[in-house]
2 protein chains.
Amino acid sequence: MSDSDGAGEGPGLYFRLFNEIGIIEQLSRAAFEARLPDGVLVSHFSVLNHMMRLGDGKTPLSLSSAFQVPKTTMSHTLMLLEKRGWIEMRPNPEDKRSKLVWMTEAGRAFWQQAIGSLGGEMGWLAEVFSPEEAAALMPGLEKLRKLLDARRG
Amino acid sequence: MSDSDGAGEGPGLYFRLFNEIGIIEQLSRAAFEARLPDGVLVSHFSVLNHMMRLGDGKTPLSLSSAFQVPKTTMSHTLMLLEKRGWIEMRPNPEDKRSKLVWMTEAGRAFWQQAIGSLGGEMGWLAEVFSPEEAAALMPGLEKLRKLLDARRG
DNA sequence: TGCATATAGTACGACATCGCACTAAATAAT
DNA sequence: ATTATTTAGTGCGATGTCGTACTATATGCA
């Protein structure tokens, strides 16, 4: 939870930075989820999107690492995705402890439809916040993310 | 939940932007909460911080609006803060439906101690991510936040 | 080979967040 | 003035996230 008031410098600068980031995360998540079918959260879609972009057949643990959430959280998300028939969990032939996550045809179809739906939101945003403005933020955010990630260990 | 992989442009640019923001929120929240006493969440501290900076004696609803969370969420947070003795809820003399939230001496003391503790985290960050870099991100993030906020209605 | 340790995944419980429904009080409409 | 509507706050249930503990398998080491 983050407030949206300003003011302050010095150490307060970093507070405000994380405040802004926190509130943007909150608002963007709500906006995205309003575009997704009922009961489908950004966390669900993000996993599908990850697999569509980088390929499926990964282990749950590698996914939890990619999203930097506890493995129990990823396990829960995958269970929901499997219930909806969007993914399949198959045994990992190389490690009997492990499983591999594969997208189903239904999952791919849902992803495509969701991308279209979310594209509407993106279109609106692009008109008031240009791709150049968005791109300008990326290097700083990536650096910040990598620093926090590295410290986490 | 957001992944941390890169690549892509066009509409994908905005996906990546919100991905980065989502993961930074996740990591920074975890880092902050590691610095707070057990069971104290950033959402709790943020409310105290808000009142210290902008004054107390506000209504729960105005706080929920400032943080843009549902009023039930703010109600829950305030209940916890009151249980810890950091705030007091008094009746609003101007509106018998309403209450006003005041910080206690214990609340102010806790805030001061927490600020010191969080300052340590900030100090580390400032050495690898300069105030100039942080400041450079602010205008874009503020604009993005305001746009999302305005659209929300 | 045999044992200690590390790793993948799950079960379970704690809790924060949120939506919906409800009560009480204020405000608007007639 | 009376009634309808809006607003402030709470109660309650659903669910996502996360920490701890556990099982099964894999790996390191003697």
Side-chain angles (χ1 to χ4, degrees), chain A residues 1-2 22-23 25-27 29-34 36-47 57-84 87-101 152-153, chain B residues 1-2 22-23 25-34 36-47 57-84 87-101 152:
Chain A
M1 193 175 0
S2 309
I23 203 161
E25 189 276 337
Q26 208 170 14
L27 294 172
R29 181 166 39 81
F32 282 153
E33 286 176 358
L36 291 171
D38 228 41
V40 181
L41 305 186
V42 171
S43 53
H44 305 161
F45 173 77
S46 295
V47 172
K58 309 290 175 62
T59 68
L61 191 64
S62 76
L63 289 172
S64 76
S65 167
F67 287 88
Q68 309 196 1
V69 295
K71 54 185 180 177
T72 52
T73 301
M74 184 54 64
S75 183
H76 179 71
T77 300
L78 293 175
M79 187 189 68
L80 295 178
L81 291 174
E82 194 174 29
K83 252 183 198 166
R84 290 192 184 254
I87 62 166
E88 278 179 10
M89 308 271 279
R90 305 184 200 157
N92 183 349
E94 294 180 357
D95 188 335
K96 291 183 181 174
R97 295 169 301 179
S98 178
K99 298 179 177 178
L100 298 181
V101 186
R152 187 182 55 101
Chain B
M1 195 179 354
S2 308
I23 203 160
E25 189 276 338
Q26 209 170 11
L27 294 172
S28 65
R29 182 166 38 80
F32 281 153
E33 286 175 0
L36 290 172
D38 228 42
V40 181
L41 305 187
V42 172
S43 53
H44 305 162
F45 173 77
S46 295
V47 172
K58 308 289 175 61
T59 67
L61 191 64
S62 77
L63 289 172
S64 76
S65 168
F67 287 88
Q68 308 195 3
V69 296
K71 54 186 179 176
T72 51
T73 301
M74 184 55 62
S75 182
H76 180 70
T77 300
L78 294 175
M79 189 189 67
L80 295 178
L81 290 174
E82 196 174 27
K83 253 184 197 163
R84 289 191 185 254
I87 62 167
E88 278 179 9
M89 309 270 279
R90 305 185 200 155
N92 183 349
E94 294 179 358
D95 188 335
K96 292 183 181 172
R97 293 171 302 181
S98 178
K99 298 179 176 177
L100 298 181
V101 186
R152 187 183 54 102

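Naming convention: chains lettered A, B, ... in sequence-line order (proteins, then strands); numbering from 1 in each chain. Since we're looking at a predicted model, the values are computed, not measured.
Both Gly39(A) and Met89(B) lie close to DNA chain D; mapped to their nearest nucleotides by heavy-atom distance, the more 5′-ward contact belongs to Met89(B). A residue-by-residue look at Pro70(A) and Lys96(A) shows that Pro70(A) has its nearest nucleotide of DNA chain D further toward the 5' end. Sequence order on DNA chain C of the closest nucleotides to Arg97(A) and Ser75(A) puts Arg97(A) first from the 5' end.
Distance CZ (Phe45(B)) to P (dA16(C)): 17 Å, rounded to an integer number of Å. Distance CG (Leu41(B)) to P (dG19(D)): 11 Å, rounded to an integer number of Å. If you take CZ of Arg29(B) and P of dC18(D), they are 6 Å apart, rounded to a whole angstrom.
Note that OG of Ser43(B) and NE2 of His76(B) are 8.0 Å apart. Values are rounded to the nearest 0.5 Å. Separation of atoms OG (Ser98(A)) and NZ (Lys96(A)) is listed at 13.0 Å; rounding is to 0.5 Å. We find the CG-CZ distance between Leu80(A) and Arg84(A) to be 7.5 Å, quoted to the nearest 0.5 Å.
For Lys71(A), taking side-chain heavy atoms from C-beta onward, the closest of the listed nucleotides dT10(C), dT7(C), dT17(D) is dT10(C). Taking the side chain of Thr73(A) as heavy atoms from C-beta on, and the options dG9(C), dC18(D), dT10(D), the nearest nucleotide is dC18(D). Distances from the side chain of Leu61(B) to the nucleotides dG19(C), dG9(D), dA8(C) place dG9(D) closest. Considering only the side chain of Lys99(A), dT10(C) comes nearest among dG11(D), dT10(C), dA8(D).
Taking the side chain as every heavy atom from C-beta outward, Val101(B) and Thr59(B) never approach each other to under 4.5 Å.
Looking at heavy-atom distances under 4.0 Å, Asp95(A) makes contact with sugar-phosphate atoms alone, never a base. Nucleic acid contact class of Ser98(B) (heavy atoms, under 4.0 Å, all strands): sugar-phosphate only.
OP1 and OP2 of dT17(D) both lie 4.0 Å or more from every side-chain N or O belonging to Thr72(A). OP1 or OP2 of dT17(D) has not a single side-chain nitrogen or oxygen of His76(A) nearer than 4.0 Å. Of the side-chain N and O atoms in Ser43(B), one or more sit less than 4.0 angstrom from OP1 or OP2 of dT17(C).
With Ser64(A) contributing its side chain and Leu61(A) its backbone, the two residues share a donor-acceptor pair below 3.5 Å.
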